[in-house]
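Here is how names work: the chains are called A, B, and so on, in the same order as the sequence lines, proteins then strands, and each is numbered from 1.
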2 protein chains.
Amino acid sequence: MDQPVHPGLTDEAIADRLREAGLRVTKSRVAVYRVLHESDGHLSVDEIVELVAARGERYPRMTVYNIIARFLGAGLVMQADAGPGRALYEIAERWHHHFVCRVCGSVYDVPCVVGRKPCLEPDASDIGEVDEAQIIFRGVCTACTSSPHHEN
Amino acid sequence: MDQPVHPGLTDEAIADRLREAGLRVTKSRVAVYRVLHESDGHLSVDEIVELVAARGERYPRMTVYNIIARFLGAGLVMQADAGPGRALYEIAERWHHHFVCRVCGSVYDVPCVVGRKPCLEPDASDIGEVDEAQIIFRGVCTACTSSPHHEN
DNA sequence: CGTCTATATTTGATATTGTCAACACAACGA
DNA sequence: TCGTTGTGTTGACAATATCAAATATAGACG
């Protein structure tokens, strides 16, 4: 598992991306960006804390919440809704949607045919200005269909 | 405000609906169904507890969670995701989606052109069997656009 | 290179949301 | 009416998110 899903970025490359987004460069921000980039998305705040800690840097949850809020504001990460009680975050690259398994809770990416926000326009445009449309598909994933008693 | 959004149902009418769904009829279930029916949806569990209490019946949150879980299983109510940290429930009538205002957090209904689940099929059907597709539209509602400093 | 200031991080407390287990109670059918 | 089985209740608990105040640091400027 030395080589995660995405190729690693040097600290400098991450720092450049932060600066491009108009953000100050700090060690904690670089660390959070790295784990978000290397894992293939769908990280909760606590998972970020743990992954960063596994690399030898420990930061309080509050710090990660602050960082995520900044990243969200700068458009660096997107917030994926996977149901109540948990917010998942991932690097904002291609716009896509999510499939959530009712049995094991796993989250899968579902490509968006449009690929950019807001990908869908609601019927009622008099409600307000829509800038994003996120779809949650629910059902049972193939893994859980084949082994009914499997849990996560 | 004596007459809420939907016309009131008698206890008997609600009891019949519960029995049709194969559920036992209890006072708490009737009370929960009533507030869900009379308010026009988008109720959190705590809001249900408060609305029921305002009518003179106090039930613990746990009871409402149990009831909601039963209602969900029986298909009486649908769970609407409006972002992390809060699950909203409403009587399952017409399938529809939701618009969430980024500023004030208000939730608006958005009609679904199809009107029934699952209304959308994902590109990747090899992930699993999709039984529902729920769309969250995000943006700024007209109320918040006109008065920027308004907070809910 | 060193100082300054706005910005970030840390800390601890607290709110919100949802879950677990064990016991008491009530609805429905016999 | 009685008994079985599903419900409601209770209290503790876990997970998630937020607030305020004190401290530390990044980046800019001299």
Q: Please say whether more than 12 non-hydrogen atoms of neighbouring residues, nucleotides or ligands are located less than 6.0 Å from CZ in B/Arg138.
A: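 Enclosed: over 12 neighbouring heavy atoms sit under 6.0 Å from CZ of B/Arg138.
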Q: For the helix from C/dC1-D/dG30 to C/dA30-D/dT1, figure out the bend between the end axes, five pairs an end, and round to 10 degrees.
A: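 The two end axes of the helix from C/dC1-D/dG30 to C/dA30-D/dT1 meet at 30°.
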Q: I would like to know whether B/Arg55 and B/Glu38 meet salt bridge (Lys or Arg N to Asp or Glu O under 4.0 Å); could you show each step before the answer?
A: CA-CA 12 Å; B/Arg55 286 175 153 274; B/Glu38 294 187 351; 2.9 Å; yes
Q: Sugar-phosphate atoms are those with a prime plus P, OP1 and OP2; base atoms are the rest. Using that split, label each nucleotide of nucleotides 3-8 of chain C B, S or - for protein heavy atoms under 4.0 Å, 5' to 3'.
A: ---BBS
Atom-pair distance ([atom1] on [X]; [atom2] on [N]), nearest Å:
X       : N      : atom1 : atom2 : result
A/Arg61 : C/dA15 : CZ    : P     : 16 Å
A/Glu57 : C/dT10 : CD    : P     : 10 Å
A/Lys27 : D/dA24 : NZ    : P     : 15 Å
B/Leu18 : D/dG8  : CG    : P     : 10 Å
B/Ile68 : D/dG8  : CD1   : P     : 12 Å
A/Glu47 : D/dA17 : CD    : C1'   : 16 Å
A/Glu50 : D/dT16 : CD    : P     : 9 Å
B/Asn66 : C/dG18 : CG    : P     : 14 Å

Q) Below 4.0 angstrom, N of the basic side chain to O of the carboxylate: do A/Lys27 and A/Asp11 qualify? A)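 Salt bridge flag = no for A/Asp11 with A/Lys27.
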**Q.** Salt-bridge contact A/Glu12-A/Arg19 (side-chain N to carboxylate O under 4.0 Å)
**A.**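 Between A/Arg19 and A/Glu12 there is a salt bridge, with a charged N closer than 4.0 Å to a carboxylate O.
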Q. When you match B/Arg19 and B/Asp46 each to their closest nucleotide on DNA chain C, which lands nearer the 5' end?
A.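 The residue whose closest nucleotide sits nearer the 5' end is B/Asp46.
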(Q) Below 30° counts as parallel, above 60° as perpendicular, anything between as tilted: where do the rings of A/Tyr33 and A/His37 land? (A)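 Ring orientation of A/Tyr33 relative to A/His37: parallel.
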Q. Which residue pairs satisfy the ring pair (Phe, Tyr, Trp, His ring centres under 6.0 Å) criterion with at least one member in residues 54-80 of chain A, sequence neighbours excluded?
A.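 Listed by first then second residue: nothing to list.
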Q: Taking B/Arg29 for its side chain and B/Arg24 for its backbone only, find out whether a donor-acceptor pair lies under 3.5 Å.
A: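 Yes, the answer is positive, given that a donor and an acceptor are paired below the 3.5 Å cut-off.
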Q. With respect to the side chain of A/Tyr65, which nucleotide from D/dG8, D/dT16, D/dT10 is positioned closest?
A.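 Ranking D/dG8, D/dT16, D/dT10 by closest atom to the A/Tyr65 side chain puts D/dT16 first.
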**Q.** Heavy-atom side-chain proximity of B/Asp109 to B/His42 below 4.5 angstrom
**A.**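 Yes. Closest side-chain heavy atoms under 4.5 Å.
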**Q.** Test item: A/Leu23 and A/Leu76 side chains (from C-beta on) under 4.5 Å apart, heavy atoms
**A.**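 Yes. Closest side-chain heavy atoms under 4.5 Å.
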